[in-house]
Amino acid sequence: MPSRQVASAGVARDLAVAAARGEPLLPLLPAVVEVLRADTGVGLTRLRRTRQGIDVSVDVAGSAPITPAMGRLAAEVADRHPAIPVLSTAGAVRVSDLVAIRDFWHTDVYERMHGHVGGRYPVAVMLHSSATDVVFLGAHRGTVDFSTEDLHLLEAIQRPLAAALAFRAALDDTIAVLSNDGTALTCGSLSDLAPIAALCAAYRPTQREAEVLSLAAAGWTNLRIARRLGITERTVRKHLSSVYEQSGRRGRASAAAWWAAQQDHG
């Protein structure tokens, strides 16, 4: 029987390949339930900003489906959830590390976002964030909290999946530009995607860019980074813009996911 580490690596690979191809991730979520031993299920949540407001969709495994009405109720209180403000692609967030968990069970935030599945011990990771879209993966247990080992397994899934989603988002933007220009382009397989993914493979940040990017990936604001490094906010923005341009990444979250992958393979 493979170890949980090997199992999580296999799940991470399958999810990342599907994400890079633009394929649905729902069929792979039961494997996440098994690896994490999430006895009350996992959910892949997408929040999309539209002209009509926030569109919420949740793919679940190991629990009952989330109806659109339930999604809307959850979205109404999401900004009060203790984990939402601190989610990042830098690692997993266990809600019991942020609040007194027994008190949390008696809040409307808990009832709307976790109570329907009896998920008393939630954990989550950010997978993608942009001006219009947020994607995160949450898991629940009903009786025993997630351990440090469980968090490491979830982070092992997070790293390649976040990088794949960032790549896919950048690729979709590129395809949209080409389509608007009348240029046909199809991307059905990884062999089709590989040349595009390799375009920026040789780029490595300078030492200062790497310092700025590492702090940004940890969730630091530009002002805090500037004070820590003894530079101006304008210089911080300049370094980040340079990273975005040369790495082919779009925005802070995408660049952070890319940088995390670079560190893993360095």
Side-chain angles (χ1 to χ4, degrees), residues 12 16 19-20 22 45-50 54 78-79 81 83-93 124-137 154-178 180 193-266:
T45 301
R46 294 177 174 87
L47 305 177
R48 173 163 295 180
R49 188 181 302 278
T50 68
I54 303 297
D79 61 345
H81 194 289
I84 297 297
V86 296
L87 281 180
S88 77
T89 53
V93 175
V125 290
M126 179 69 76
L127 297 176
H128 181 69
S129 178
S130 70
T132 57
D133 296 276
V134 172
V135 182
F136 59 89
L137 178 66
L154 180 54
E155 289 166 353
I157 293 172
Q158 176 193 29
R159 288 189 291 269
L161 180 53
L165 287 169
F167 165 67
R168 186 70 211 189
L171 180 61
D172 287 343
D173 286 348
T174 302
I175 293 171
V177 171
L178 292 172
N180 291 337
L193 305 183
I196 302 171
L199 289 177
C200 302
Y203 166 66
R204 292 295 182 272
T206 66
Q207 180 177 351
R208 182 59 93 187
E209 287 172 348
E211 291 172 344
V212 170
L213 186 54
S214 295
L215 294 174
W220 286 36
T221 65
N222 287 354
L223 177 60
R224 188 180 178 192
I225 294 171
R227 288 175 174 172
R228 171 65 178 270
L229 300 180
I231 57 179
T232 66
E233 283 188 83
R234 181 179 179 182
T235 301
V236 171
R237 290 193 296 269
K238 182 178 179 181
H239 284 311
L240 289 174
S241 294
S242 176
V243 171
Y244 301 157
E245 179 179 355
Q246 296 185 74
S247 68
R249 265 44 186 192
R250 172 183 74 149
R252 205 181 195 91
S254 176
W258 169 79
W259 181 236
Q262 296 299 307
Q263 297 296 93
D264 290 342
H265 294 117

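Positions are given from 1 along the sequence. The shown structure was predicted, so the numbers you read here are calculated from the model rather than taken from an experiment.
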Would you indicate whether the side-chain heavy atoms of [Y] and [X] approach each other to under 4.5 Å?
X: Leu137; Y: Leu154; answer: yes
X: Leu87; Y: Val134; answer: no
X: Arg208; Y: Ile231; answer: yes
X: Thr89; Y: Gln158; answer: yes
X: Ile84; Y: Asp79; answer: no
X: Ile157; Y: Val125; answer: no
X: Asp172; Y: Arg168; answer: yes

If you apply the rule side chain to side chain contact (heavy atoms under 4.5 Å, CB included), what do you find for Leu240 with Asn222, and how did you get there?
CA-CA 10 Å; Leu240 289 174; Asn222 287 354; 3.7 Å; yes

Measure the [atom1]-[atom2] distance between [X] and [Y] for me, rounded to the nearest 0.5 Å.
X: Thr221; Y: Glu233; atom1: OG1; atom2: CD; value: 7.0 Å
X: Trp220; Y: Ser214; atom1: CH2; atom2: OG; value: 11.0 Å
X: Met126; Y: Thr45; atom1: CE; atom2: OG1; value: 10.5 Å
X: Arg228; Y: Ile225; atom1: CZ; atom2: CD1; value: 10.5 Å
X: Leu161; Y: His128; atom1: CG; atom2: NE2; value: 11.0 Å
X: Arg224; Y: Leu215; atom1: CZ; atom2: CG; value: 8.0 Å

Report the residues that fulfil side chain to side chain contact (heavy atoms under 4.5 Å, CB included) with Ala16, sequence neighbours left out, ordered by chain and then residue number.
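For Ala16, the residues satisfying side chain to side chain contact (heavy atoms under 4.5 Å, CB included) (neighbours in sequence not counted) are Pro160, Ala164.
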
Is it true that a side-chain atom of Glu155 and a backbone atom of Gly91 form a donor plus acceptor pair closer than 3.5 Å?
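No, the answer is negative, given that no donor and acceptor are paired below the 3.5 Å cut-off.
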
What heavy-atom pair brings Ala226 and Thr232 nearest, and what distance separates the two atoms?
CB-C, 3.7 Å

